[in-house]
Amino acid sequence: QVQPVESGGGLVQTGGSLRLSCVTPGRAFSRDTVGWFRQAPGKERECVAVITWNGSTTYYADSVQGRFTITVDNFNHTVYLQMNSLKPEDTAIYYCATEAGGGLTTKEENYDAWGQGTQVTVSS
């Protein structure tokens, strides 16, 4: 499995926006499902958003529904997570993961390859 690479994290004020990117260098997503997870200090990692390889099906955690949007650009081998109206509770390390089966899943154990993560910090 090719390890995904995340980028786009940073420091932003409450109400601000960030766009995270996830690429799989040298490899198309093929029929992968791609998920964004996050882990805040002292908390378990949680699934934030998921998209199937063709973009036809998405999932959002209740906590981000209406604020975050996940999209896939198969031509550029990139999945984006647009994050708007950010809140301090969105502060976490955000991870991109790929799952070769192609189904929509939020379970960590179903994902085959994980990126190193990118830090998102939202100040109040």
Side-chain angles (χ1 to χ4, degrees):
Q1 288 288 338
V2 174
Q3 183 178 29
V5 178
E6 307 96 336
S7 62
L11 173 64
V12 65
Q13 292 184 335
T14 296
S17 298
L18 285 173
R19 187 176 76 162
L20 305 184
S21 300
C22 172
V23 299
T24 52
R27 178 182 179 274
F29 287 117
S30 184
R31 292 186 177 274
D32 292 353
T33 290
V34 180
W36 282 99
F37 293 74
R38 69 184 181 187
Q39 187 166 23
K43 295 186 178 181
E44 294 187 352
R45 190 155 56 183
E46 62 171 341
C47 182
V48 174
V50 179
I51 192 165
T52 51
W53 68 277
N54 59 2
S56 64
T57 308
T58 58
Y59 159 86
Y60 296 97
D62 289 343
S63 57
V64 306
Q65 180 74 48
R67 301 187 297 121
F68 290 12
T69 303
I70 188 170
T71 56
V72 59
D73 179 349
N74 274 303
F75 182 79
N76 291 305
H77 309 167
T78 305
V79 168
Y80 299 100
L81 184 67
Q82 178 67 44
M83 306 186 296
N84 298 328
S85 302
L86 284 163
K87 305 174 182 179
E89 50 264 44
D90 294 318
T91 295
I93 299 175
Y94 284 70
Y95 299 90
C96 176
T98 59
E99 188 270 335
L104 191 72
T105 177
T106 62
K107 296 182 178 180
E108 288 187 41
E109 57 267 31
N110 291 339
Y111 285 81
D112 310 296
W114 291 80
Q116 294 294 318
T118 185
Q119 177 71 48
V120 171
T121 303
V122 184
S123 63
S124 56

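We use all heavy atoms of the structure for the numbers below, so side chains are in, but hydrogens, waters and symmetry mates are not.
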[X] to [Y] - nearest heavy-atom pair and separation:
| X | Y | answer |
| --- | --- | --- |
| Asp73 | Tyr80 | CB-CE1, 4.1 Å |
| Ala113 | Val2 | CB-O, 3.6 Å |
| Gln82 | Ser17 | NE2-CB, 4.0 Å |
| Tyr111 | Gly35 | CE2-N, 3.7 Å |
| Pro4 | Thr98 | CG-CG2, 4.0 Å |
| Arg38 | Glu46 | NE-OE2, 2.7 Å |

State the [atom1]-[atom2] distance between [X] and [Y], to the nearest 0.5 angstrom.
| X | Y | atom1 | atom2 | result |
| --- | --- | --- | --- | --- |
| Gln116 | Cys96 | CD | SG | 12.0 Å |
| Lys87 | Thr14 | NZ | OG1 | 10.0 Å |
| Asn84 | Leu18 | CG | CG | 9.5 Å |
| Asp112 | Glu99 | CG | CD | 6.0 Å |
| Thr33 | Ile51 | OG1 | CD1 | 9.5 Å |

Exercise. For the residue pair Trp114 and Phe37, does the interplanar ring angle fall in the parallel (under 30°), tilted (30 to 60°) or perpendicular (over 60°) class?
Worked result: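 Aromatic pair Trp114/Phe37 classed tilted.
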
Give the cluster check for [X] versus [Y]: same hydrophobic cluster or not, with ILVMFWY residues linked at side-chain heavy-atom distances below 4.5 Å.
| X | Y | result |
| --- | --- | --- |
| Val79 | Tyr60 | yes |
| Tyr95 | Val34 | no |
| Val120 | Val48 | yes |
| Val64 | Leu104 | no |

Exercise. Linking Ile, Leu, Val, Met, Phe, Trp and Tyr by side-chain heavy atoms under 4.5 Å, what else ends up with Leu11?
Worked result: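 Joined to Leu11, directly or through intermediates: none.
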
Exercise. Mind checking what makes side chain to side chain contact (heavy atoms under 4.5 Å, CB included) contact with Thr118, not counting sequence neighbours?
Worked result: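 For Thr118 the side chain to side chain contact (heavy atoms under 4.5 Å, CB included) partners, ignoring immediate neighbours, are Glu6, Leu20, Tyr94.
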
For this session: Check the pair Leu86, Phe68 against side-chain contact (heavy atoms from CB on, under 4.5 Å), reporting the backbone distance first and the verdict last.
Result: CA-CA 9 Å; Leu86 284 163; Phe68 290 12; 3.8 Å; yes

Problem set entry | Side chains of His77 and Val23 in contact at under 4.5 Å (non-hydrogen atoms) |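 The answer is no, as the side chains (C-beta and beyond) never meet within the 4.5 Å cut-off.
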
